[in-house]
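All values reported here derive from a predicted model rather than from experimental measurement. Throughout, protein chains are lettered first and strands after them, A, B, ... in sequence-line order, and every chain is numbered starting at 1.
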Amino acid sequence: MIFPIVLQPKLIAVRARWRENLRRRTQLGRDIFLIAFSIAVMFSIFQGTLTMIEKINANTHLAYMPPSLPLGLILLFLLAMLFFSNCISALGAFFLGKDLDLILASPLSPTRFFWGKLTEIALSSSWMALIFGAPAILAFAVWYQASAFFWLTLLVSLLPYFLIPSALSIILVTAFTVFVPANRTREVLLVIFALVLLAIYMVGKLLTPENASFNNVNDLLRMVSILSLPNTTWVPSYWCATVLSEVLSPSGKNWWPYLGLQYSVMTALISAAYVLFRTCHFAAFSRAKDNRQTLRLSSKTSQFIWVAITPFIPPPYRAIIAKEFKVFARDMTQAVQLLLLLGLTIIYLYNFRVLHAVGDLPENSRVWWQGFLVASNLAMGAFVITAVCTRFVFPSVSLEGQSFWILQTAPLSIRDILRAKFWCWFIPVSSISSVIFASGALAINAEPHVVLINALSSWIVCYGIVGIATGLGALFANFEWEHPSQLAASFGSLIFMLCATLHIGLNLIPSGTLIFLRTLRLSGYEFSDLQWYSAVFCAAALLSYLNYAATRWALTIGENALKQRMQR
Amino acid sequence: MIEICGVTKEYGSFRAVNDISFRVEQGEIFGFLGVNGAGKTTTLKMLAGILKPSSGKLRICGFDVMDEPEKAKSVTGYIPDRPYLYNKLTGREFLYFVADLYNVPLKKANQRIDELLAEYKLREWEDELIESYSHGMKQRVATCAALIHEPRVLIVDEPMVGLDPHGAKLLKDAFRRYAKAGMSILLSTHSLNVAEEVADRLAIIHRGNIVASGTLHDIRRQAGTFEQGLEEMFLQITASLSQAEYT
């Protein structure tokens, strides 16, 4: 057997953990609840997608959308997620994993090592995309009454869809590690980031919405469809979407060239990854071990400056904050994650910017469209923040790893530790999110006070999301991780994302109501000042309470979970 | 200074530590001996506040470890058997981190860090990341961290693991000096020469039970022999207990 050798210890560990949970039965109730919750969310995705297909098909007089377009959009989104998590997993699996010394010292053939690791990164990166993507694809299958042939094609087409990003990420990560000395990674990443910004700016210039004219909703929908980009023939998600939609369509016959394209590209990329692995991995692995980093300031000077600029922070909190940032800044995997997330955020903002071209709509529609965009900005911005928190805040307790004893033996309570972690991440995440929220509002030409309110509300929403991330990170803390990337792709992080989604939905009730009332007001509906300001006050109070309560709840269950660990 | 009264620790149906009691006085080095899996590390982790006992009381300088954990921890230094530290910090940064956790003012911290780095021969490595340190160097950094706030009690788990002979000598001398200055030291080890060399009193733990305790002389008397060294006595006591359990 080729695959199981490298994966065997991990599979055995998962089975042992599962058996242990069953044996103890203490977590059975929690597990059942979590599984039920996950199924409920999957059902929501299914139902949401079904409704979307229904709406699209009911409004074909506005703009015709073939199934490949929304399907392509979903698969493109998942592909971006897959590529992102595959890069992080590949870095861990091939260069930074704790098991590598043992595996490389064993008489295991490089071919078996390669296939084992390829399977590992494909599995660990794909399962979450599968959970989110499967209900959406199922909705398409139900709506278009898919035949048995569709299910067969789906399986055959999804294999290259998942393996292409895995192979590509191995190529990129190996090439990166070969050419970039480990102690120069940060500088190189900064240069790459600057190039990404420049490229986005150049693309943006070509897509400047000022140059487009919108005379009716049809034009607008067409523009949105183009910008949503599933129609790029060189993107693997397009091939998969075309295969599936052709099979779904009764007259579709052109599925096989795209399936052939998927398999030939997959084979080519895996072969290239294998060749690169055989020729470069050992040298690249050795280079990755060269971890001597030069500090720009001596430890003594930097501590002196840090203490001088933070006299108001209690020393234990100051210690944890400084430690978190230093460890974060010096960890190559975190830098790569940050870079990819920033790239995705900028793409999101740029896409969003295009939507501001609503000036030519009739006045009445324009007001409602603008209101819808403001609400969307809040929701989408919150999802971007959730993505940031999944990668950086949720794993922060687990990242203490085997060093957690240092905090446990210090004169600090578990509550203090979690609070320090919370504040440590709340300030930077809120600062970033206020920029994202305000940029989103500016991108859609919102009025200055709306921009300001967006920026301020981002702090309130962040309070809740960062709190949930910290608390659930403690609840699902895993101090025995092989590599940090597996924390963000764990079951716990999935639960965090589901809870954050629910929280964002709840946040949209007061904020959405307020936006609705404002839109009514702008469309001529009469409100007295007292009525309006009462509504504003109630919405703000409800929003604040909701986020405060969410953080308090999450930190409490996180604290209790960490305390319970002491009894084990 | 350290009091352990009737402490038991159970993991499910397995009893790792069974109703043990002992006391370590001020300025005393107390050796805690036992084979692998005897319950030494579990006991020390309970004292350090990492594990919660199933029953019994643990007190450090009069503070109950469970009821007043912050007060007990503020007078305690803990050196674990495996020095897992923050690899992305430098040695000096790590010591600043610990000093801040224990509320040591910056001026005092600087002075203590300079002293400790010099004492444990880490000065030239202070601005290097810990990930580039050897195991012995990490062990010495962990020792410096445990001492930075000048604790009254030191809990040490297998201190000599991974240390070269120079490092081991350095540590043994340091322990004697600290005890002389009034520090209480609880030292868990399965290295019998270390226990014989530095400990004032000893306890032997076997399968969670304390089976012998007192000075070396007391243990000899309990074993019924005055000619044997600690190693022979230890083997004799633990072997006879294992044999009795087997039959």
Side-chain angles (χ1 to χ4, degrees), chain A residues 20 23-24 183 289-295 297-304 306-308 310 313-332 334 399-414 416-417 420 479 563-568, chain B residues 9-12 45-54 66 68-80 82-107 109-110 113-114 126-132 142 145-146 149 155:
Chain A
E20 178 67 11
R23 193 183 63 78
R24 284 189 177 184
N183 54 4
K289 291 278 166 191
D290 172 21
N291 48 23
R292 282 177 80 105
Q293 292 182 17
T294 42
L295 301 182
L297 282 177
S298 75
S299 311
K300 204 169 187 172
T301 315
S302 62
Q303 179 71 8
F304 177 78
W306 175 238
V307 171
T310 54
I313 302 178
Y317 278 49
R318 185 173 66 199
I320 294 174
I321 293 169
K323 188 270 293 176
E324 289 281 308
F325 287 133
K326 282 175 183 164
V327 169
F328 180 83
R330 291 168 190 168
D331 189 343
M332 189 171 81
Q334 301 280 38
L399 280 174
E400 292 292 329
Q402 307 271 28
S403 312
F404 192 52
W405 68 269
I406 299 163
L407 293 177
Q408 282 181 303
T409 56
L412 280 175
S413 64
I414 296 286
D416 282 333
I417 295 170
F479 298 112
K563 279 182 181 167
Q564 264 190 357
R565 276 173 184 260
M566 285 175 68
Q567 293 172 13
R568 285 184 203 160
Chain B
K9 176 69 190 174
E10 287 164 348
Y11 296 107
K45 280 187 172 173
M46 286 190 284
L47 262 177
I50 297 173
L51 285 176
K52 193 175 176 181
S54 305
M66 286 300 118
E68 300 170 289
E70 280 94 49
K71 285 181 182 167
K73 287 172 184 179
S74 64
V75 292
T76 309
Y78 173 65
I79 307 173
R82 280 173 291 178
Y84 290 112
L85 309 174
Y86 297 112
N87 284 332
K88 295 286 176 192
L89 296 185
T90 66
R92 183 178 270 275
E93 282 172 346
F94 177 68
L95 295 177
Y96 279 128
F97 167 72
V98 177
D100 266 349
L101 287 181
Y102 285 84
N103 285 301
V104 181
L106 181 61
K107 200 174 166 189
N110 267 323
I113 291 170
D114 287 341
E126 66 177 42
D127 278 333
E128 296 288 337
L129 295 189
I130 290 175
E131 66 188 0
S132 61
H149 59 293
I155 300 166

K.L.:
Thinking salt bridges, do B:E131 and A:R330 make one under a 4.0 Å N-O criterion?
P.N.:
no
K.L.:
Considering all heavy atoms of both residues, which atom of A:L412 and which atom of B:E70 are nearest to each other, and what is their separation?
P.N.:
C-OE2, 3.8 Å
K.L.:
Has the side chain of A:W405 got a donor or acceptor atom that lies under 3.5 Å from a matching backbone atom of B:Y84?
P.N.:
yes
K.L.:
Return the option, out of B:F97, B:Y78, B:Y86, with the maximum number of heavy-atom pairs under 4.5 Å with chain A.
P.N.:
B:Y86
K.L.:
Hey, could you give me the CG/NZ distance between B:N110 and A:K300, rounded to the nearest 0.5 Å?
P.N.:
5.0 Å
K.L.:
A:F325: what forms a ring-ring contact (aromatic ring centres under 6.0 Å, His included) with it, not counting sequence neighbours?
P.N.:
none
K.L.:
Can you name the nearest heavy-atom pair linking B:L85 to A:S403, along with the distance?
P.N.:
O-OG, 3.0 Å
K.L.:
Tell me, out of B:A48, B:P80, B:A99, who's got the most heavy-atom pairs with chain A below 4.5 Å.
P.N.:
B:P80
K.L.:
Would you mind reporting whether B:E93 and A:K326 have side-chain heavy atoms less than 4.5 Å apart?
P.N.:
yes
K.L.:
Under 4.5 Å heavy-atom distance to chain B, tell me which part of A:F304 shows up: side chain, backbone, both or neither.
P.N.:
both
K.L.:
Return the option, out of A:V327, A:V307, A:I406, with the maximum number of heavy-atom pairs under 4.5 Å with chain B.
P.N.:
A:I406
K.L.:
Kindly compute the distance separating CD1 (B:I50) from CZ (A:R565), expressed to the nearest 0.5 Å.
P.N.:
13.5 Å
K.L.:
Counting only heavy atoms closer than 4.5 Å, note whether B:L106 contacts chain A via side chain, backbone, both or neither.
P.N.:
side chain
K.L.:
Report which part of A:K563 has an atom under 4.5 Å of a heavy atom belonging to chain B: side chain, backbone, both, or neither.
P.N.:
neither
K.L.:
Using non-hydrogen atoms only, which part of A:A410 is less than 4.5 Å away from chain B: side chain, backbone, both, or neither?
P.N.:
both
K.L.:
Considering only heavy atoms from C-beta outward, does the side chain of A:I320 approach that of B:D100 to under 4.5 Å?
P.N.:
no
K.L.:
Tell me every residue that passes side-chain hydrogen bond (donor to acceptor under 3.5 Å, both in side chains) with B:N87, counting only those two or more places apart in sequence or in another chain.
P.N.:
none
K.L.:
Is the backbone of A:Q408 close enough, under 3.5 Å, to the side chain of B:K73 for a donor and an acceptor to pair up by distance?
P.N.:
yes
K.L.:
I need the minimum non-hydrogen distance between A:P411 and B:Y102, along with the two atoms involved.
P.N.:
CD-CE2, 3.3 Å
